[in-house]
Amino acid sequence: MGRHPKNPQGSNQDALDVKPLRTLAPFFPAHLVFDNFNQSSNPPLVCITPFGPSSGDFGSPIPSNFSPPVPSFAAAQPQVTPVKRPRGRPPKIASNGSNGPIKATPISAFHTPPSFTEMDEEDESIFVTETSSRGRKIKRPSRLGSSSAERSDSAKVKKVKPLKPVRKVPENEIAALRVSYNDPRENVEAIMMIFDALRRRLLQLDESSNLNGRQDLKAGAIMLANDLKANAGKRIGPVPGVEVGDIFYFRMEMCIIGLHAPSMAGIDYMTAKFDNQDDPVAICIVSSGGYENEEDDVDFLIYTGQGGSTKNEDQKLERGNLALERSLYRKNQIRVVRSAKDPNCQTGKIYYYDGLYKIQNSWKEKAKSGINVFKYKLLREPGQPEGLAVWKMTQKWKENPSGRGRVILSDLSSGTENIPVCLVNDVDNEKGPTHFTYITKVKYLKPISLMKPLQGCKCQSVCLPGDINCSCAQQNEGDLPYSSLGLLVSRKPLIAECGSSCQCSFNCRNRVTQKGIRLHFEVFKTRDRGWGLRSWDPIRAGTFICEYTGELIDEVRVDMNDEEDDYIFQTAYLGEKTSRWNRGTELLGEPSTNESTEAQNLLPITITAKSMGNIARFMNHSCSPNVLWQPVLHDHGDEGHAHIMFFALKHIPPMTELTYDYGVSGSNDERIGGFGSRRAKKCLCASPNCRGFFG
DNA sequence: GTTACCTCAAATGG
DNA sequence: CCCATTTGAGGTAA
């Protein structure tokens, strides 16, 4: 049993131990009503009617929607039947609902998606005025158009800023975004990828015009207005395609993949049927550090109810708090999202899905501010992958790398990288990979001084977004390729960073990959794929990971018979996911880029890391990769010999293996082929869309 | 019961 | 701290 926190009732209740008190008053727990909870550690049988004291000094009047008590208390996993569909189109429940333990359908699941045929035909700009979540048009005469002009001269009308319309895009323009995959995880990933591409582009636009906007909210609104979401409708239990450990940088991300619907509130709940009775139960909570929660333990969490703080008044047993109370009684699983501090991201916070919990007990107590709040103790369901434990572990290792067990070498790079690269083997007794020389830079065929130089800019201090005079921005299609945090905004055939011929300083934001690695990596022994690479840090999509260093090979000089070289990188194959990486800007009315032509235009670059290389040589292949490559110039201008830089394709939780798509050899597809003599290897990536072989 | 609003809370995020 | 912003729940009236 885990430690028990201070519990006002002093009871060490086990989750499965049914307390007589609650049996008597399942709908209005006495300990939440009476103020004398400090007096007895185990209250005697106090009979309280379900509609008990309507207003204690703390409890609010019983909501009118309270239903009578249900005698059954047995089912740990209650049978839930769908709520009768009230109206509208049926919900889009993921066809692969295998991991939904309870088929519960909330009333709110039946939102009518925005209809593209309903639009005003005169409205050629395809801007709808505004739609509610139910897809209905909302008339807000006080806020919109000419009527507000009339109103303004009558004065005394509350000053309201006109609402910006959310763009609804013609179906044919965004058909490419609506691809549906057989695997629910692929669908979730696809939605996340579109969201982030859209968000990054909105950020880039805002930065270049010196605006401060909420790109996360904007991107989310556009996604929802165009019905781009995964796992529509609410559910109890797991969400298809979302796994324990998955990380998020915005609340909106959890919203559009069906993990946690409210954009701000911490408690997501729904009405579900239990034994033919409707009951509002909590389905997901976010514990993000705003309240006095106890969230330091791996096995449990003490969560504070919502409300009260802004008005400085006692919390009420309504909304999320009521739902949590009902969940205590119904014993349903609740998803928990925790947060971790991350100084590297703007909000300083990362959310991660920590898996399923059940409420063990609840009580009320006085918060520091003096108001009475509800507390809920949630126990983590057994048998789930580690969540918080991973974060605690990696945090310790970062502070003290020698604390990492099974270390073979504390720094594989022998001090040549910014941050030591740990070499570990948790699996067997192999003492490390075969010998190679660690190099942080590519070995070219001729000295860089003899290569074509890179054109430099004349920016003072740093290059700024939106500066039309910056020649480096011009080389990158007019925009700086990285956001102010150094994240790649969109993938391009070639990126030109600022270099030695530029007048800007080393702090210029257009110098990202030339500064070397920034993450705590470890090279580790995998179970069945030799050595692999992973990171102790969480990695946000667009983050620079590392370069592929090695010896550059002239195409004509490739020894086609060298079958033993497993360490060749080549630019022949972009990868299906990578080619989708920029998608989303269509939602802003920008033309979509045709990535398939890009691969053909690209000059072939081949690097071998067989005898010399860096951490990149340990990155394994996956047909469902989390890393992409991007050619970058910075110390010379020879496009045919650009640096190969790797970036995170999606958010990558700590300790997740980093992989990229090697492509397939022997394919008829010219984009994929290229290295005919290399033997195709059986792929062990185990992703649902695995192609079976890679080159 | 259904529909079309309206109002409000919310552990966001700059 | 201040505040703009979004979503969904819940209420009300037709």
Side-chain angles (χ1 to χ4, degrees), chain A residues 63-65 83-88 106-112 129-143 158-166 199 202-203 206-207 210-225 229 232-234 248-256 258 260-271 278 280 282-293 295 301-311 313 315-316 318-324 336-339 345-351 367 373-374 376 484-485:
Chain A
S64 57
N65 60 355
V83 175
K84 197 179 153 201
R85 184 161 80 94
R87 63 177 177 272
I107 294 170
S108 60
F110 300 96
H111 294 170
T112 308
T129 50
E130 186 182 355
T131 46
S132 76
S133 57
R134 296 185 180 175
R136 288 191 301 261
K137 287 187 181 171
I138 298 173
K139 272 186 260 157
R140 296 201 189 186
S142 62
R143 292 183 164 209
K158 210 166 146 193
K159 189 187 90 190
V160 191
K161 245 173 78 178
L163 291 173
K164 277 177 213 146
V166 174
R199 206 206 94 254
L202 286 166
L203 175 65
D206 278 1
E207 280 182 345
N210 226 351
L211 285 172
N212 268 333
R214 286 285 301 271
Q215 302 85 21
D216 57 322
L217 294 181
K218 248 183 247 170
I222 293 172
M223 296 286 287
L224 292 174
K229 56 192 166 197
K234 298 196 180 196
F248 307 94
Y249 286 78
F250 294 97
R251 291 285 303 261
M252 244 342 153
E253 292 179 322
M254 297 184 272
C255 184
I256 57 172
H260 187 93
S263 56
M264 295 181 184
I267 306 167
D268 193 4
Y269 58 101
M270 67 182 280
T271 302
D278 280 354
I283 56 174
C284 186
I285 59 168
V286 178
S287 179
S288 57
Y291 279 49
E292 297 159 21
N293 296 339
E295 44 196 12
L301 168 73
I302 293 180
Y303 189 78
T304 308
Q306 65 185 187
S309 53
T310 48
K311 293 185 208 153
E313 60 187 27
Q315 290 186 344
K316 297 189 182 104
E318 59 185 27
R319 300 169 189 275
N321 301 341
L322 176 61
L324 284 165
V336 169
V337 175
R338 298 198 190 223
S339 72
C345 78
Q346 214 148 27
T347 62
K349 199 176 2 182
I350 294 179
Y351 302 99
V373 296
F374 295 100
Y376 300 89
S484 57
L485 288 171

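Model, not experiment: these values are computed from the prediction. Every chain is numbered from 1, with letters handed out A, B, ... down the list of sequences.
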Touch class at under 4.0 angstrom, heavy-atom based, for Ser309(A) against every strand present: nothing
Closest nucleotide among dA10(B), dT7(C), dA11(B) to the Met264(A) side chain: dA10(B)
Euclidean distance, atom CD of residue Gln306(A) to atom P of dT12(B) [Å, nearest integer]: 12 Å
Nearest-0.5 Å distance that lies between atom OH in Tyr351(A) and atom CZ in Arg338(A): 15.0 Å
pi-stack flag for Tyr269(A) and dG8(C), centroid dist under 5.5 Å, interplanar under 30°: no
Interatomic distance where CD1 belongs to Ile283(A) and C1' belongs to dT7(C) [whole Å]: 14 Å
Lys349(A) side chain near dG14(B) phosphate (N/O to OP1/OP2, under 4.0 Å): no
Spacing between Lys218(A) atom NZ and dG13(B) atom C1', to the nearest angstrom: 14 Å
Residue whose nearest DNA chain B nucleotide is more 5′ - Gly305(A) or Gly213(A): Gly305(A)
No-H, no-angle donor-acceptor pair, Arg214(A) side chain to dT12(B) base, under 3.5 Å: yes
Sugar-phosphate, base or nothing in reach of Thr347(A), heavy atoms under 4.0 Å: sugar-phosphate
Residue whose closest nucleotide on DNA chain B lies nearer the 5' end, Gln346(A) versus Gly308(A): Gly308(A)
Watson-Crick or G-U wobble mate for dT5(C), both contacts under 3.5 Å: none
Separation of atom CG in Leu224(A) from atom P in dG8(C), rounded to whole Å: 6 Å
Sugar-phosphate, base or nothing in reach of Asp268(A), heavy atoms under 4.0 Å: nothing
Nearest-nucleotide pick for Arg251(A), side chain only, options being dG14(B), dT5(C), dG13(B): dG13(B)
Gln306(A) side chain to Gly320(A) backbone, donor-acceptor under 3.5 Å: yes
Interatomic distance, Asn321(A) CG vs dA9(C) C1' [rounded to whole Å]: 14 Å
Under-4.0 Å side-chain N/O to phosphate OP1/OP2 contact, Lys311(A) with dA9(B): yes
Salt-bridge criterion met for Asp206(A) and Lys218(A) (N-O under 4.0 Å): yes
Sugar-phosphate only, base, or nothing, as touched by Gly320(A) at under 4.0 Å among non-hydrogen atoms: nothing
Atom pair distance, as rounded to whole Å: CD1 in Ile222(A) and P in dT6(C): 10 Å
Side-chain heavy atoms of Pro280(A) within contact of Met270(A), under 4.5 Å: no
Mate of dA13(C) where both pairing distances stay under 3.5 Å, Watson-Crick or G-U: dT3(B)
Spacing between Glu313(A) atom CD and dA10(B) atom P, to the nearest angstrom: 9 Å
Sugar-phosphate only, base, or nothing, as touched by Tyr351(A) at under 4.0 Å among non-hydrogen atoms: sugar-phosphate
For atom CE of Met254(A) and atom C1' of dG8(C), their distance in whole Å: 16 Å
Side-chain donor-acceptor pair present, Thr304(A), Asn293(A), cut-off under 3.5 Å: yes
Sugar-phosphate, base or nothing in reach of Ser339(A), heavy atoms under 4.0 Å: nothing
Audit row: Val336(A), Cys284(A), side-chain contact (heavy atoms from CB on, under 4.5 Å) steps and yes/no: CA-CA 6 Å; Val336(A) 169; Cys284(A) 186; over 6 Å; no
